[in-house]
Participant: 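Shown below is the structure under consideration.
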Number of protein chains: 2
Amino acid sequence: MENFIYDKRIYYHPIEFAMVHIGGTWKIPILLALRNGPQRYGELKTTISHITDKMLVTQLRELEKKKMIYRSVYRQKPPKVTYTLTVHGKQAFAAIDALTMFGNYMINITEVIS
Amino acid sequence: MENFIYDKRIYYHPIEFAMVHIGGTWKIPILLALRNGPQRYGELKTTISHITDKMLVTQLRELEKKKMIYRSVYRQKPPKVTYTLTVHGKQAFAAIDALTMFGNYMINITEVIS
DNA sequence: TCCTTTACATACAAAATAGTAGGTAAAGCA
DNA sequence: TGCTTTACCTACTATTTTGTATGTAAAGGA
């Protein structure tokens, strides 16, 4: 299998499919925030600096749809919702870690202002 | 070091920096095409299906600027130019391979039309 | 001199992605 | 009843990325 269709879009390489799962500005930060255990919505918002409500919500919804995370609702006084990694979500970390290593490598060989 | 500046832009995580090197639609296909050895411009154009001249040129220029590939010009009858991976470019393959594996994993657990 | 081949370049348009600003629902409590 | 907290949603705008179409330079050969 080399190319295939999903959700009315054609993919030519597995990497393109990987990217719809962890690509964009915010999906990886969200997955990393959940790496040490579930977090509620408000916690994610403070853990992940600079993220807006809109971005956080849309990316959480996409990750949930793709079965990378799941959403738990606690019916309480002020509502409580937590997000947790699924097994599929955890599978992403091999790639995420490899990307981190490559990024660090490129930082070291590049003139960067810290 | 957690955030830093490069080319007038601020980065908060090494992955963001990795992504400016291998992100976008065409950089990884180009790197993969060069994996088995240097290729000339015209060869890349046929190896990488669907790529346009504009995309191929701009991505080659960016990869060259970032020292991921280098450009060799042969002064000949019709001009000849080849592109070759540098050591830095080769460093990307650990991440690229990890992404490929994750992509394949997600393809398998997803209902995909092949 | 004109033609052909190779490797580009450039203006413009379209599409995808991200950000801004403001609003809402639910439910207990004063 | 009105207030507060948490977890969202929506319309609109801005920015970034990609694609389309067309053009050009160099150099040898007919």
Side-chain angles (χ1 to χ4, degrees), chain A residues 6-13 15-17 19-30 33-34 38-66 69-84, chain B residues 6-13 15-17 19-30 33-34 38-66 69-84:
Chain A
Y6 173 70
D7 212 12
K8 292 173 181 172
R9 210 204 114 175
I10 185 163
Y11 296 86
Y12 300 101
H13 194 280
I15 287 184
E16 293 176 49
F17 200 60
M19 284 312 193
V20 308
H21 290 83
I22 63 171
T25 312
W26 298 111
K27 288 206 185 71
I28 289 177
I30 291 171
L34 296 176
Q39 277 197 244
R40 39 193 304 197
Y41 182 88
E43 291 174 317
L44 286 171
K45 240 189 94 170
T46 56
T47 303
I48 304 164
S49 47
H50 310 99
I51 199 169
T52 63
D53 278 322
K54 183 198 162 179
M55 283 299 114
L56 182 51
V57 173
T58 58
Q59 300 310 300
L60 286 171
R61 294 285 170 278
E62 285 184 33
L63 289 169
E64 195 191 352
K65 190 182 169 196
K66 292 168 169 53
I69 62 176
Y70 63 87
R71 199 176 91 111
S72 313
V73 182
Y74 302 71
R75 299 204 178 279
Q76 292 183 355
K77 11 208 166 171
K80 179 180 169 183
V81 177
T82 59
Y83 293 90
T84 310
Chain B
Y6 174 69
D7 213 11
K8 293 174 182 171
R9 208 205 116 176
I10 185 163
Y11 295 86
Y12 300 100
H13 194 279
I15 287 185
E16 294 177 47
F17 201 59
M19 284 312 194
V20 309
H21 289 83
I22 62 171
T25 312
W26 299 110
K27 289 207 186 68
I28 289 176
I30 291 171
L34 296 176
Q39 277 196 245
R40 40 192 304 197
Y41 181 86
E43 291 174 316
L44 286 171
K45 240 190 93 169
T46 56
T47 303
I48 304 164
S49 47
H50 309 99
I51 199 168
T52 62
D53 279 321
K54 184 196 162 182
M55 283 299 113
L56 182 51
V57 174
T58 57
Q59 301 309 300
L60 286 171
R61 295 284 170 277
E62 285 183 34
L63 288 169
E64 196 191 351
K65 189 182 170 197
K66 292 167 168 54
I69 62 176
Y70 63 87
R71 200 174 91 111
S72 313
V73 182
Y74 301 73
R75 302 210 173 279
Q76 291 183 356
K77 14 204 163 168
K80 179 179 170 183
V81 177
T82 60
Y83 293 90
T84 310

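The structure displayed is predicted, hence computed values, not measured ones. Numbered from 1 within each chain, the chains take letters A, B, ... in sequence-line order.
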Participant: Any heavy-atom pair between the side chains of A:K65 and A:D7 that's under 4.5 Å?
Facilitator: yes
Participant: For B:W26, which of B:L60, B:I51, B:T58 qualifies under side chain to side chain contact (heavy atoms under 4.5 Å, CB included)?
Facilitator: B:I51
Participant: So do B:T25 and B:M55 actually touch side chain to side chain, heavy atoms under 4.5 Å?
Facilitator: no
Participant: Please tell me if the side chains of B:R71 and B:V73 come closer than 4.5 Å, counting only heavy atoms from C-beta onward.
Facilitator: yes
Participant: Enter the inter-axis angle for the ends of the helix from C:dT1-D:dA30 to C:dA30-D:dT1 (five pairs per end, rounded to 10°).
Facilitator: 30°
Participant: Backbone N or O of B:Q39 within a donor-acceptor pair of the B:E43 side chain at under 3.5 Å?
Facilitator: no
Participant: Parallel, tilted or perpendicular for B:F17 and B:Y11, by the 30°/60° rule?
Facilitator: perpendicular
Participant: Could you tell me if A:R9 sits above the aromatic ring of A:Y6, with its cationic atom closer than 6.0 Å to the ring centre and no more than 45 degrees from the axis?
Facilitator: no
Participant: Using a heavy-atom cut-off of 4.0 Å across all strands, would you classify B:Y74 as base, sugar-phosphate, or nothing?
Facilitator: nothing
Participant: Considering only heavy atoms, which members of residues 19-27 of chain A lie under 4.0 Å from some atom of DNA chain D?
Facilitator: none
Participant: Would you say D:dC8 has OP1 or OP2 under 4.0 Å from some side-chain N or O of A:R71?
Facilitator: yes
Participant: Taking only heavy atoms on the protein side, list every residue of residues 40-61 of chain B lying under 4.0 Å from any atom of DNA chain D, sorted numerically.
Facilitator: B:T52, B:K54, B:M55
